[in-house]
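Note that the coordinates shown come from a computational prediction; the quantities given were computed from them, not determined experimentally. We count ligands from 1, going down the list as the structure has it; atoms in each ligand are counted the same way.
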Amino acid sequence: MLLLNPGPVTLTARVRASLARPDLCHRESEFFDLQDEARRRLLDVYALDPREWTVVLITGSRTAAVESMIASLVPENGRLLVIENGVYGERIAQMAARYRIDHASVKHDWMRAPDLDAIAARLDAEPGFTHLAVIHHETTTGRLNGLDAIAAVCRARGVELLVDGVSSFGAETIAFDDETVIAVAAAANKCLHGVPGAAFVLVRRAALATATSRAYYLDLVRLAQLQDRRNTPFTPAVHVYYALVEALREYVDEGGLAARHARYAALAEQVRSGFAALGIDSVLPPDASSVVLRAYRLPAGIDYPTLHDGLKARGFVIYAGQGDLSKTLFRISTMGDVDEADMARLIDGVREVMAR
Ligand SMILES: *Cc1c(COP(=O)(O)O)cnc(C)c1O
């Protein structure tokens, strides 16, 4: 079965084999070597300077990294503006509410790109916003929210940017060199091809100095301090870290960021043009979409369960739209160990389901 959902991804044999390495106590030097290698390799993905940036590993689902970033990096007297144009932006607003962080949202229809004028107007109308949170790749629709333009709005107003890069890290360019970007949350099992259970936050060391401790398990400052000292407060998912490190080694062997981007872009284009020939439209134009996942309109007369079950019988797991979108669209991710021949079979499979 090939997974075309937005993670967990289909594993390579190499990453799968790494799960069978020896059992390890997380208080032994072998584990801290593994933790150090994971942290070093994660900074290397975007060639970040370890004097300026650090990375904090968290055992948990991808949301754990986003929650740790939000709960820790908006200071006690800070104020957060959240850009919502999909499910994941809405989740950030819910996190801010749970932690009683002073916050507001600029809400958009899920089909819309962030409205820069509305965001600037909101920041200007209500002074006091210190931070802005945005989803880089809004997986709800496959839209890539343009970080450069949003960062420019923030820079002019002294606002710092917190980025959910969960479904873009490792495959899309991220504006790490923009000084307004102070943290990016991501995880092991989307574009990096690890297994579920490890998430991480890349954060500027300077931002940790003004961070706060609203959370206990997800306290970014404490996690950073202990990991910098080759330590850990809790028991990490050791085997998951094996897989993360192996996935990062494989990522480098395959050519790193540029190669991963090019590979996904080619697969995404193959699927887009193959579906277009069957009369299935992309929800967004390619230049507004990530290369990681794209949303398509359900073909006329075929509902999602029919398409899903027909493709599952042929060896593919696709993904529904979220909320009301489940009635009108479906999503195809091209992450993980899938290739051109697999996508050709997928397109044939869709043709067969439509012909029935
Ligand atoms: C997948 C995803 C998440 C969260 O993943 P969980 O497994 O639900 O924790 C967060 N943000 C984005 C943008 C995602 O694509």
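Protein residues are said to neighbour a ligand when one of their heavy atoms lies under 4.0 Å from it; for ligand 1 these are Ser61, Arg62, Thr63, Tyr88, Arg91, Ile135, His137, Thr139, Asp164, Val166, Ser167, Lys190.
Remark: Lys190 qualifies as a cation-pi partner of Tyr88 under the 6.0 Å distance and 45° angle criteria applied to the six-membered ring.
With sequence neighbours excluded, the residues satisfying salt bridge (Lys or Arg N to Asp or Glu O under 4.0 Å) with Asp49 are Arg51. For Tyr217, the ring-ring contact (aromatic ring centres under 6.0 Å, His included) partners are Phe234, not counting sequence neighbours. Under the ring-ring contact (aromatic ring centres under 6.0 Å, His included) criterion, Tyr46 pairs with Phe169, Phe176, not counting sequence neighbours.
Under the 3.5 Å distance criterion, the side-chain polar atoms of Arg205 are matched with a main-chain donor or acceptor of Pro50.
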- Would Glu172 and His137 satisfy side-chain contact (heavy atoms from CB on, under 4.5 Å), going step by step from the backbone distance to the final call? CA-CA 9 Å; Glu172 300 281 2; His137 170 207; 5.7 Å; no
